[in-house]
Amino acid sequence: MNFVKRAGMSLGARKSKTAALLAIFVVLCTLLLGGFLLQAAAARQEADAQRVIGVDVTVRQKGLTPALADELGASDVVNRYNPRLPVRAAARGLAPLTSDAPQPGGEAGEPDQAPLAVNGVRDAGLLLPFSYGSTKITAGRGIGPEDADRDIALIERRLADRNHLAVGDIVRVLSEDGAHPMPLKVVGIFQDPTQDPSSWTPPHELPGNTLYVPMATAQQLGTGTGTGTVGEAVYRIGSPDRAERLHAEAERVLGESGFDFRVNDKAYQDQVRPIQQVGVFAGLIVQVIALAGALILGLIVTLQIRERRTELGVLLAMGERKWKLIGQHAVEVAAVALPAVAVAALAGQLAGQSAGDALLGPQDDTPSAQHGAPDPGAVAGPTVRVEPGTVGRVAGIGLGISLVSTVVPGIGILRLHPRSILTDSE
């Protein structure tokens, strides 16, 4: 009789033991699938966290130009970057804020001809006050790379309130020399928590007189020639280990000395490291379960072989080859493993998401990181998906466990002799 057919008949005849073996396989496959799903979810969440949170590198250099900042930002290790170009501008038809405290000397003095502090930016979400949430956009949106050619502005709430401005209104400013008038459309209003100084302060130093505009607009307001010096540039990279590559690129672009290079990875360490630890833990779970499963099933098969010595002796006496006896046991275990994988896949589909949420948890309290808007870049909770490739890996490991757990104990079958078995059974 074909040993595969004989394996099916054996499983049908030993229903209780087959059910017990199936239950063991279901538990093993479910745990294996859970480990793989958790690994995949942690990897996806880590990638999202690296993209959204990342590591901020601040570069400062005397004479740093927007062109140099852009060249360094083109590096393949940089996900986002933002140079900040500070200039001053005069107001036309716009009443800037003034200090309530009296000016030292008792006289008003000459009015400030450029009372507005304008900052040219490429990506307002990378400005530290916006990135870490101390400064928030209360209306409209921030400024992003897609706004490079637009004449727009992000203004402070106090300046907007004084001039009764809202999102969509037009403000008119002049370059510091008064030669270049420029109308700017208000696309966002932000709130700076910094209080007005109690002592007299020049208007351009008051937090309420701060505006953010695209880099090209700031260049035109600053000198009218499209040049200027960047105060600092912030580069967001995916992980701390990429900082060395960015530093080497900065040495190539800016020279080997004369620039300040500071890495801020606190947010990354606080939120990405725990996700990585969950991924490592899931990998260990898979390895331990695979090893434990092979040992448990190997012990079960060994006990079954001892219980079925008489059956084996009769088959050997009838001329059955020993490798076919081992093959019969392998087929029996594999036939139980395959439906167990299907049951595990169903269980993973039903309970995988809740398990991922419990272990990884949604990371929805991340500070704003995209264009300074309220929490659009928050790292989403883990998405647990049962994919065919993952089920295939579980099936492969399950079949591997069934093969190991039958072949290794099956070595004992090779040493069996029909006469001694049948004599012992009498």
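Here the side chain of R88 pairs a donor or acceptor atom with the backbone of A114 at under 3.5 angstrom. Side-chain atoms of D192 come within 3.5 Å of backbone N or O of T194 as a donor-acceptor pair. Under the 3.5 Å distance criterion, the side-chain polar atoms of S75 are left unmatched by any main-chain donor or acceptor of L72. The main-chain N or O of P129 is found under 3.5 Å from a side-chain atom of S134 such that the two form a donor-acceptor pair. N209 places a side-chain N or O within 3.5 Å of a backbone atom of P203 that can act as its donor or acceptor partner. Distance alone, capped at 3.5 Å, is enough to place a donor-acceptor pair between the T201 side chain and the S199 backbone. Side-chain atoms of Q61 come within 3.5 Å of backbone atoms of L254 as a donor-acceptor pair (strictly under, hydrogens ignored).
Looking at E156 and Q191, their side chains never bring a donor and an acceptor atom within 3.5 Å of each other.
The shortest distance between side-chain heavy atoms of V186 and I170 does not fall below 4.5 Å. For the pair I137/F130, a side-chain contact is recorded, criterion being any heavy-atom separation below 4.5 Å from C-beta on. Looking at heavy atoms from C-beta onward, L291 lies out of side-chain contact with V288 at the 4.5 angstrom threshold. R80 places a side-chain heavy atom less than 4.5 Å from the side chain of L126. With a 4.5 Å cut-off on side-chain heavy atoms, R122 and Y81 count as touching.
For CG of D241, the number of neighbouring non-hydrogen atoms (other residues, nucleotides, ligands) closer than 6.0 Å is greater than 12. Atom CD of E205 is surrounded by more than 12 heavy atoms from other residues, nucleotides or ligands within 6.0 Å. Taking a 6.0 Å sphere around CZ of R162, one finds it holds more than 12 heavy atoms contributed by other residues, nucleotides or ligands.
Taking a cutoff of 4.0 Å between a charged side-chain nitrogen and a carboxylate oxygen, R245 and D76 qualify as a salt bridge. The pair R158-D161 does not count as a salt bridge, with every side-chain nitrogen at least 4.0 angstrom from each carboxylate oxygen. Looking at K62 and D260, no side-chain N of the basic residue comes within less than 4.0 Å of a carboxylate O on the acidic one, giving no salt bridge.
Heavy-atom minimum distance, G238 versus N79: N-ND2, 3.5 Å. Here the closest non-hydrogen pair linking P66 and V230 is N-CG2, 3.6 Å. Nearest heavy atoms, A124 versus N82: N-OD1, 4.3 Å. Minimum heavy-atom separation, I285 to L31: CG2-O, 4.5 Å. In terms of heavy atoms, P183 sits closest to D151 at O-CB, 3.6 Å.
In summary, the aromatic rings of Y235 and F261 are positioned with their centroids too far apart to meet the 6.0 Å limit.
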Inset, instruction - Kindly determine whether T217 and R150 satisfy side chain to side chain donor-acceptor pair (under 3.5 Å), including the steps that lead there. - result: CA-CA 8 Å; T217 303; R150 299 174 184 172; over 6 Å; no
Legend entry - Trace of the side chain to side chain contact (heavy atoms under 4.5 Å, CB included) decision for L116 with L94: CA-CA 10 Å; L116 301 177; L94 180 69; 4.0 Å; yes
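Cation-pi check for R157 over F190 is not met; the charged atom does not lie both under 6.0 angstrom from the ring centroid and within 45 degrees of its normal.
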